[in-house]
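Excluded from the calculations below are hydrogen atoms, water molecules and symmetry mates; all remaining heavy atoms, backbone and side chain alike, are included. Values in this document were obtained by computation on a predicted structure and should not be read as measured data. Every chain is numbered from 1 and lettered A, B, ... according to where its sequence line falls, protein lines coming before strand lines.
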Amino acid sequence: MTETTHEPLSKVYNPADVELNMYRFWEGHGYFQPVGDVSRSAFSIVMPPPNVTGQLHLGHAWDLTLQDVIVRFRRMQGYDTVWVPGTDHAGIATQARVEKALQEEEGVSRHDLGRDPFVQRVWAWKEQYGNRITNQVRRLGASCDWSRERFTMDEGLSTAVREVFVRLYERGLIYRGQRIINWCPRCATALSDIEVEHTDVPGHLYYVRYPLVDGDGGVTIATTRPETMFADVAVAVHPDDDRYAAMVGKRLALPLVGREIPVLADAYVDPEYGTGCLKITPAHDPNDFEVGQRHGLDVLQCIGADGRLTELAGPYQGLDREEARRRVVEELRQQGYLVRVEEITHAVGHCSRCDTVVEPLLSMQWFVRMQPLAAPVLAAVADGRLQFVPERFAKVFVHWLENVRDWCISRQLWWGHRIPAWYCDGCGQISVARETVQACPHCGSQQVHQDEDVLDTWFSSALWPFSTLGWPADTEDLRRYYPNSVLVTGYDILFFWVARMAFMGVEFTGEVPFHKVVLHGLIRDAQGRKMSKSLGNGVDPLEVIDQYGADALRFTLTTGSSPGNDQRFYDERVQGSRNFINKVWNAARFVYLNLPPAEGMPEWDPASLTIADRWILTRLAEVVTEVTDHLERYDLGEAGRILYDFTWDEFCDWYIEFTKLSLYGQDEAAKAQTRAVLVTVLDTLLRLLHPFIPFVTERIWETLPVSGEALIRAPWPDATAFVRDEEAVRQIRVVMEAIRAVRNIRADLNVSPGKSVAMSIRCQDAGTEALFQSVEPYLVRFGNLNRVEIGVGIELPGQAMTAVVNGAEIALPLADLVDLAIERERMQRERERLLAEVQRVERKLANAQFVAKAPPHVVEAERAKGAEYRAKLAAVEERLRRLASS
RNA sequence: GCGGCUGUAGCUCAGAGGGAGAGCACCACCUUGACACGGUGGGGGCCACAGGUUCGAUUCCUGUCAGCCGCACCA
């Protein structure tokens, strides 16, 4: 127990007083670690690793909270539960940040420092900032097992990365080759296809005349990138294009440079687009590259890795891409080659990190062959071994995997897993190895050097579900907790991460790394915009926690959306959650303050429960069932909302009010009984709420006289443990209806709450009379009544305000306050309402098809409703007749 | 072009084949011995539109319109 136990509870819940100590209490007692009981089923999750030097943002907070709710729920259900946390080295992002800091603070570049010293600086940076994010994860209340924390560049995971690389290489699934890749000139590295964002931008289509070498004439090509013309090696036309049939095989003189290039035919060309003549630049366009391969064309490069023109561009050498384009267009115009310019919008690839226009660049890179790896994953989706929540994401996932191209995994960075390939200066052979290569295994030369590049960060992330558990070693954790039970992450990294974990998992463990993928959406601002640094509309979760508490943030995030959908985040919603938590707190205070000090768990005699007790216990059992079902289906939002409604409306607004009758009365036995039920309901609610709002529930639970060392380890409630009494539920609804009717009348007539009044209830039958007799004290308390008359045959006062409830008529003879005009209006409104209901029901029941085909219980329910409405309508009409004659 | 999501109260969103819901906002009243981060009462919606399936559709299907997203792109 924490030191705060059994201090009086403050009037308003103050999260700051509780959260830090509570987290230490949990973590210190090892509650986040699996119990290790092998007789129990295992439940495991790995945390999507945040960037080690990053800061927690709301997206993380949401993702982590969902996981924590699931983990706490499973832990309470008795699973041997483990949640493995960790961080990611985030190659480009981290390197860029350290480079920026070095530049700003010391005015040096990474090249000034050199590779090893620079990498050391990044490690130092990681040591400095690496704890920040994990402490932020703690502040959220994440119950992950920190004793198993991993980092993508720690020793074990690096071993896993090498192992995977070597094995894939040996199987021919990793290869090195000259390909057109996406090059970010600013980040100065290759990118994979999914790190490129295609956005529509306005541009120009330039029509340029390429003259024939011999004789007059030529062709006009259309291009958006005239600056690449120095690397043109051909012009292609469609083989069936009659317009240019005669040109095929002729030679053209490249404008400005005069180099000769052939005209050739290739079906890739779309005769409809532009002029139907396509310049072929294999080094600067992936499609052109393929055309070039088909026709055995040279590959010339006129733009280098720095985004500037090469010596091939002659006088344009050294210019950047934009400047070169302007100058080339101008020169073409002056020399009469530019036929016309058309304004177009086209999709241009941008670096997803820095938004620089990506340059398709021919270069030597490492690739993962995707088709053989994707196939078994597709099979796993098809046969249900890998499932998605919501299901619709399976389709997106499958479509992507079916069309995926080979994955470029080499990055021209220094921070990351260096590619385990060594080149021999002697014989030129490549050696890929698990251990550092000292001498070339092919020729024995000591002149070997390792590949300069590192691997895509996602390459190591892809191994996360098993590398964190010790793979490639055959560890106990791996055997027990792999495959993971579920993966929770945002749909935005379905391809980046989920797909890659899936194929790596299948390839290296023979099993999908998790059976279920639960996907959530994105956090947006109050206007529905994505949160971004450039918009400045981001919300810092730590500030939210400081202001409202981690529980309020968690409850907001978990109840704010339905599965797979985005959610908007704004202050009022957090306030609503904070208010709810305060409501729970005060309900607990109420129970606590009404409990005698230092007593054990009170007990009750099921035979003497009040109708209110039986009602709340029945409803509680229903709530346990519903909440459990929703959580099992990973529909956390709905589970949270059910708890919110039940806690506030039924438990606080009604049940607690009902209990005041006995608690403030003289009957000690009844008091004890009420306390027992109150404690039971509160205890159960705290257990159900704990996964959502762990801090406040644990804190409250400490004060309750229930056995157990901590709520986090308490068993999940069992719905069958409670009294079930559907009749009590039905009856309490009638009582509520009557109480609302009284309140309604009082409000309509502006009767001050302090003024007590009399009430008559004319019941339709003895059963209803008995019910109202039994709940008379409730009526008196809630209606502030000074006299109650209940009976079947009683006469209702004429000078009164009335209401019709299920099975009875209610009258409040308010003497001088009675306004028969208002009464008439009320009754007429009620009559119209009931008439509409009666007609609706009767129309249904008159339909022979409905009676014949609808399920019997539905027909029966309609009949019952019809009877109820007709009875009420009759009473209302009778009342209106009397009013007319008075 | 292919695929997907969304359209329900003023706002933000749940919901579900059979009587339209919540929070916030709004109006009126209330210092009732858990809570004003509260209580009570109230107003407010052809559930985007048009067809279809069904005894019955706001819910399922098709189409239209509107907003959004992903994938693929012809230079």
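A:Y644 comes within 4.0 angstrom of the backbone, heavy atoms only, and of no base. Contacts of A:E862 with the nucleic acid, taken as non-hydrogen atoms under 4.0 Å apart, involve only primed sugar atoms and P, OP1 or OP2. Using a 4.0 Å heavy-atom distance criterion, A:F393 is classed as making no nucleic acid contact. A:E638 comes within contact range of the sugar-phosphate backbone alone, with a heavy-atom separation under 4.0 Å but no base atom that close. Contact annotation for A:E837: backbone-only contact, meaning every heavy-atom pair under 4.0 Å involves sugar-phosphate atoms and none involves a base. Counting any heavy atom pair closer than 4.0 Å across all strands shown, A:V269 reaches a base atom. A:D200 comes within 4.0 angstrom of a nucleotide base, judged by non-hydrogen atoms across all strands. At a threshold of 4.0 angstrom between heavy atoms, the contacts of A:N744 are confined to the sugar-phosphate backbone, with no base atom among them. Residue A:R743 is in sugar-phosphate contact alone, with no base atom involved, counting any heavy-atom pair closer than 4.0 Å across all strands shown.
Side-chain contact, A:D288 with A:Y268: no donor N or O sits under 3.5 Å from an acceptor N or O. Side-chain contact annotation: A:T228 with A:H284, donor-acceptor N/O pair under 3.5 Å absent. Side-chain atoms of A:Y548 and A:N579 include no donor-acceptor pair closer than 3.5 Å. Donor-acceptor pairing under 3.5 Å is lacking for the side chains of A:T220 and A:T275.
When both distances must be under 3.5 Å, the Watson-Crick or G-U wobble mate of B:C68 is B:G4. Pair check for B:U32 finds none; no Watson-Crick or G-U wobble contact set falls under 3.5 Å.
Residue A:K279 has no polar side-chain atom (N or O) positioned under 4.0 Å from OP1 or OP2 of B:A75. Side-chain N/O atoms of A:R568 include one lying less than 4.0 angstrom from OP1 or OP2 on B:U12. Contact annotation: A:S562 reaches the phosphate of B:A14 (side-chain N/O to OP1 or OP2, under 4.0 Å).
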Report summary line: Counting primed atoms, P, OP1 and OP2 as sugar-phosphate and everything else as base, the B/S/- map of nucleotides 25-35 of chain B against protein heavy atoms under 4.0 Å is ----SS--BBB
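Between the A:D406 side chain and the A:M370 main chain, a donor and an acceptor come within less than 3.5 Å of each other.
The cationic atom of A:R743 (NZ for Lys, CZ for Arg) lies less than 6.0 Å from the six-membered ring centre of A:W654 and within 45° of the ring axis.
Separation of atoms CZ (A:R675) and OG1 (A:T659) is listed at 11.0 Å; rounding is to 0.5 Å. Within the model, atoms OG1 of A:T674 and CG of A:N594 stand 9.5 Å from one another, a figure rounded to the nearest 0.5 Å.
Sequence order on RNA chain B of the closest nucleotides to A:L278 and A:R524 puts A:R524 first from the 5' end.
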Give me the distances for all protein-to-nucleotides 61-63 of chain B N/O pairs that come in under 3.5 Å?
none

